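Take a look at the structure set out below.
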Amino acid sequence: ADRLRSIADVVYPRAFDGALVVGHRSGDGLIDRFVSCGIPTVTLGRPLADVRASYVDVDNVAAASMATEHLLAQHRTHPALLACLPDTSWAADREAGFTAAVQSHPDAVWATEMCEFSNEGGYRGTMRLLERAPGTDAVLVASSAILLGVLNALADAGRRVPDDVAVLSFDDEPRMEYTTPPVTAVRQPLARIGREMADCVVQMIANPGMVSRTQLPAELVIRGSSRTPSPG
């Protein structure tokens with residue numbers, strides 16, 4: 001937050017024509033400062049605060065719901081979410097999508113565990129989850145930033161993927177195809193997001209006062225980590 005405030009301190013209305021903001025968090029003050037300076041501003045992801053910034057985002061509620069429904073369709077009855085702290089809209093929306101999906105299945109026994117945004121946080125959060133909900137048979141991982149910690153914790157706990165626990169992670173990355181087993185993931189349309197953000201800021205510069213809010217669909221890439229357990 002201190003680094004972001006330092007960046008914002010050098011901004012004034014004629015510094016540049018527009019701003020694309022990536023990686024903001026609730027309370028960092030950066031978006032507010034850009035907007036208050038009159039700079040056309042487009043953020044990656046919906047700001048939690050109600051500011052007059054445009055944004056391009058993935059529909060994270062729908063994506064998390066889609067991912068959860070996939071896990072439930074694999075005959076998993078005890079799904080869990082490894083969630084990140086809700087100081088970003090994507091974290092809050094992914095938790096909302098997971099919750100909506102599991103609540104639509106009355107027979108599902110579900111749990112949510114909050115963890116820090118790191119592999120170490122994912123490891124500790126998974127261990128807490130397994131202690132609190134030992135019957136967990138599917139895990140939706142809210143970010144690839146915690147995925148390695150989740151996989152290591154499951155291995156250390158003697159839980160096989162996918163036989164004992166199915167795993168599905170957000171933020172598809174090339175490495176997920178080469179893990180053992182390969183990880184099922186939610187893929188975001190990154191190139192399209194970049195194009196939409198660039199187009200949006202150009203339009204805002206040409207049309208002062210314009211505010212645009214765009215949500216894009218995500219894609220589910222199904223791999224071995226979420227397959228249905230073999231009978232018997």
Side-chain angles (χ1 to χ4, degrees), residues 24-27 44-50 55 57-118 121-147 149-151 153-154 159 161-162 164-172 176 183-189 213-222 225-228:
H24 59 89
R25 291 182 177 274
S26 176
L44 172 58
R46 173 176 54 84
L48 281 175
D50 185 16
Y55 66 78
D57 199 5
V58 169
D59 188 344
N60 282 291
V61 174
S65 179
M66 171 180 64
T68 306
E69 291 288 353
H70 168 72
L71 292 172
L72 293 167
Q74 307 309 304
H75 308 293
R76 309 290 176 157
T77 58
H78 289 64
L81 172 69
L82 259 295
C84 298
L85 297 176
D87 59 351
T88 61
S89 61
W90 62 259
D93 287 351
R94 291 171 189 181
E95 183 172 1
F98 170 82
T99 302
V102 292
Q103 286 181 342
S104 70
H105 292 260
D107 295 335
V109 179
W110 55 279
T112 299
E113 183 66 43
M114 199 74 63
C115 65
E116 296 174 359
F117 191 64
S118 66
Y123 185 95
R124 292 198 301 264
T126 302
M127 287 304 195
R128 290 194 303 269
L129 170 68
L130 294 177
E131 182 176 356
R132 184 166 59 87
T136 295
D137 60 6
V139 174
L140 175 59
V141 182
S143 171
S144 61
I146 65 174
L147 174 62
V150 173
L151 294 175
L154 290 172
R159 305 295 181 93
V161 178
D164 302 319
V165 180
V167 173
L168 195 161
S169 180
F170 268 83
D171 310 324
D172 186 38
M176 293 184 184
V183 175
T184 297
V186 175
R187 177 179 293 169
Q188 303 186 58
R213 291 164 181 175
T214 301
Q215 280 193 318
L216 302 174
E219 174 189 1
L220 186 62
V221 181
I222 300 174
S225 69
S226 66
R227 66 173 172 81
T228 302

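What you are looking at is a predicted structure, and each value in this text was computed from that prediction instead of being measured.
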Flag side-chain contact, heavy atom, 4.5 Å: Trp110 against Leu81 = no
ask   = Donor-acceptor pair, Ser65 side chain versus Val61 backbone, under 3.5 Å?
value = no
remark   = Separation between CE (Met114) and CD (Glu95), nearest 0.5 Å, reads 4.5 Å
task = Output, in order, the C-alpha distance, side-chain angles, deciding distance and verdict of side chain to side chain contact (heavy atoms under 4.5 Å, CB included) for Asp107 and Thr77.
result = CA-CA 7 Å; Asp107 295 335; Thr77 58; over 6 Å; no
query = Quick one: OH on Tyr123 to CG on Leu151, what's the gap to the nearest 0.5 Å?
reply = 12.0 Å
key: Closest contact, heavy atoms only, His70 versus Leu168   = CD2-CD1, 3.6 Å
request  = For residues Leu72 and Ala101, report the shortest heavy-atom separation together with the two atoms involved.
outcome  = CD1-O, 4.3 Å
ask   = At what distance, to the nearest 0.5 angstrom, does CG of Asn60 lie from CD of Gln188?
value = 6.0 Å
ask   = Roughly how far, to the nearest 0.5 Å, is the CZ atom of Arg124 from the OG atom of Ser118?
value = 6.0 Å
task = For residues Ala142 and Arg94, report the shortest heavy-atom separation together with the two atoms involved.
result = O-NH1, 2.6 Å
request  = Identify the heavy atoms of Met176 and Asp171 that sit nearest to each other, and give their distance.
outcome  = CE-O, 3.2 Å
Set of residues satisfying side chain to side chain donor-acceptor pair (under 3.5 Å) with respect to Thr126, sequence neighbours excluded = none
message = Closer than 3.5 angstrom, by distance alone: can the side chain of Arg159 be matched with the main-chain N or O of Val165 as a donor-acceptor pair?
response = no
task = Please confirm whether the backbone N or O of Arg76 pairs with a side-chain atom of Asp137, one donor and one acceptor, at under 3.5 Å?
result = no
request  = Compare every heavy atom of Pro162 with every heavy atom of Arg227, then report the nearest pair and how far apart it is.
outcome  = CG-CG, 3.4 Å
task = Measure the CH2-CZ distance between Trp90 and Phe170 for me, rounded to the nearest 0.5 Å.
result = 9.5 Å
query = Between Ser225 (side chain) and Thr184 (backbone), is there a donor-acceptor pair under 3.5 Å?
reply = yes
Which residues share a salt bridge (Lys or Arg N to Asp or Glu O under 4.0 Å) with Glu113, sequence neighbours left out = Arg128, Arg132
message = Can you give me the closest heavy-atom contact between Glu219 and Met66, atom names plus distance?
response = C-CE, 4.2 Å
query = Quick check: are there more than 12 heavy atoms from other residues, nucleotides or ligands sitting under 6.0 Å from CD of Glu131?
reply = no
key: 4.5 Å side-chain heavy-atom contact, Leu129 and Val139   = yes
key: salt bridge (Lys or Arg N to Asp or Glu O under 4.0 Å) assessment of Arg187 paired with Asp172   = CA-CA 5 Å; Arg187 177 179 293 169; Asp172 186 38; 2.8 Å; yes
Verdict with supporting geometry, Leu82 and Leu147, side chain to side chain contact (heavy atoms under 4.5 Å, CB included) = CA-CA 9 Å; Leu82 259 295; Leu147 174 62; over 6 Å; no
